[in-house]
Amino acid sequence: EPGRRIHRRRAVQLEVTIRFRPPASFTKIGDAGRLTLVGRTRNISESGMALVVSARNIDRYLNAKDKSFDAELRLPDGPVGLEVEAVYFKKTLSGAVATYTIGSRFIKAEGQAHARLAQFLQGLPVSSSH
């Protein structure tokens with residue numbers, strides 16, 4: 001059935017750096033800077049992850065036609081680069097600070113990235129709660 005999860009999510013927190021592409025509405029003057037944020041995974045599977053980042057307002061990136069961004073996960077044996085697409089997001093305000101929970105799926109993995117991620121996940125204990 002489409003939309004059903006085929007990979008078990010693991011409740012593990014890893015540092016993740018995400019880099020958004022500038023929305024098409026931004027004027028291009030030379031090489032436009034990319035918004036870079038550092039957050040943590042809430043859970044992860046072989047097909048995607050939920051991550052949490054603090055940001056003022058990234059709705060325009062997450063609502064853009066192209067919802068993909070680059071992510072670098074910090075695995076114990078080193079960083080792994082993945083191309084990711086946002087599937088959903090939820091913004092939570094706590095005073096002046098906004099936190100985004102972003103659910104995403106992996107689109108592309110660089111080289112052995114996906115194999116390394118799968119190997120890391122297989123070494124984790126399976127748990128149904130965090």
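Just so we're clear, the structure is a prediction, and the values are computed from it rather than from any experiment. Heads up: numbering here begins at 1 and tracks the sequence.
Contact annotation: the side chain of Leu73 approaches that of Met49 to within less than 4.5 Å [non-hydrogen atoms, C-beta and beyond]. Taking the side chain as every heavy atom from C-beta outward, Tyr100 and Val52 never approach each other to under 4.5 Å. Within the 4.5 Å cutoff, the side chain of Lys67 has no heavy atoms near those of the Leu62 side chain. Side-chain contact between Ile18 and Val53 is present, with heavy atoms from C-beta onward closer than 4.5 Å. Within the 4.5 Å cutoff, the side chain of Leu35 has heavy atoms near those of the Ile58 side chain. A heavy-atom distance below 4.5 Å is found between the side chains of Ser68 and Ile107.
By the neighbour-count criterion of 12 heavy atoms within 6.0 Å, atom CD of Gln119 is sparsely surrounded, having that number or fewer from other residues, nucleotides or ligands. Within a 6.0 Å radius of NZ in Lys91, other residues, nucleotides and ligands contribute more than 12 heavy atoms.
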_Step-by-step side chain to side chain contact (heavy atoms under 4.5 Å, CB included) determination, Ile44 to Phe106_ = CA-CA 10 Å; Ile44 191 165; Phe106 301 134; 4.2 Å; yes
*Mind running side chain to side chain contact (heavy atoms under 4.5 Å, CB included) on Thr17 and Arg19 for me, showing each step along the way?*
CA-CA 7 Å; Thr17 302; Arg19 290 178 186 83; 3.9 Å; yes
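Under the 3.5 Å distance criterion, the side-chain polar atoms of Arg10 are matched with a main-chain donor or acceptor of Leu121. Of the possible polar contacts, one joining the Ser45 side chain to the Gly48 backbone as a donor-acceptor pair under 3.5 Å is found. Looking at Asn57, its side chain does come within 3.5 Å of a backbone N or O of Asp59 through a donor-acceptor pair. The closest donor-acceptor contact from the side chain of Arg9 to the backbone of Ala50 lies at 3.5 Å or more, if one exists at all.
Leu37 and Ser54 make their closest contact through CD2-O, 4.1 Å (heavy atoms, listed as atom of the first residue, atom of the second, distance). Annotation for Arg116 and Val80: closest pair NH1-CB, 4.1 Å, computed over non-hydrogen atoms. Heavy-atom minimum distance, Asn43 versus Ala11: CB-CA, 4.1 Å. Across Gly81 and Ala113, no two heavy atoms sit closer than the pair O-CB, 3.4 Å.
The pair Glu85-Arg105 meets the salt-bridge criterion, with a side-chain N (NZ, NE, NH1 or NH2) lying under 4.0 Å from an Asp/Glu carboxylate O.
Arg42 pairs with exactly one of Ile102, Thr101, Leu14, Val12 by the side-chain contact (heavy atoms from CB on, under 4.5 Å) rule, that one being Thr101.
Here the straight-line distance linking atom NZ of Lys90 with atom OH of Tyr88 works out to 8.5 Å at 0.5 Å rounding. Here the CG atom belonging to Asp66 is positioned 11.0 Å from the CZ atom belonging to Phe20, to the nearest 0.5 angstrom.
By the rule that hydrophobic residues join a cluster once side-chain heavy atoms approach within less than 4.5 Å of another member, Leu124 and Leu51 end up as members of one cluster.
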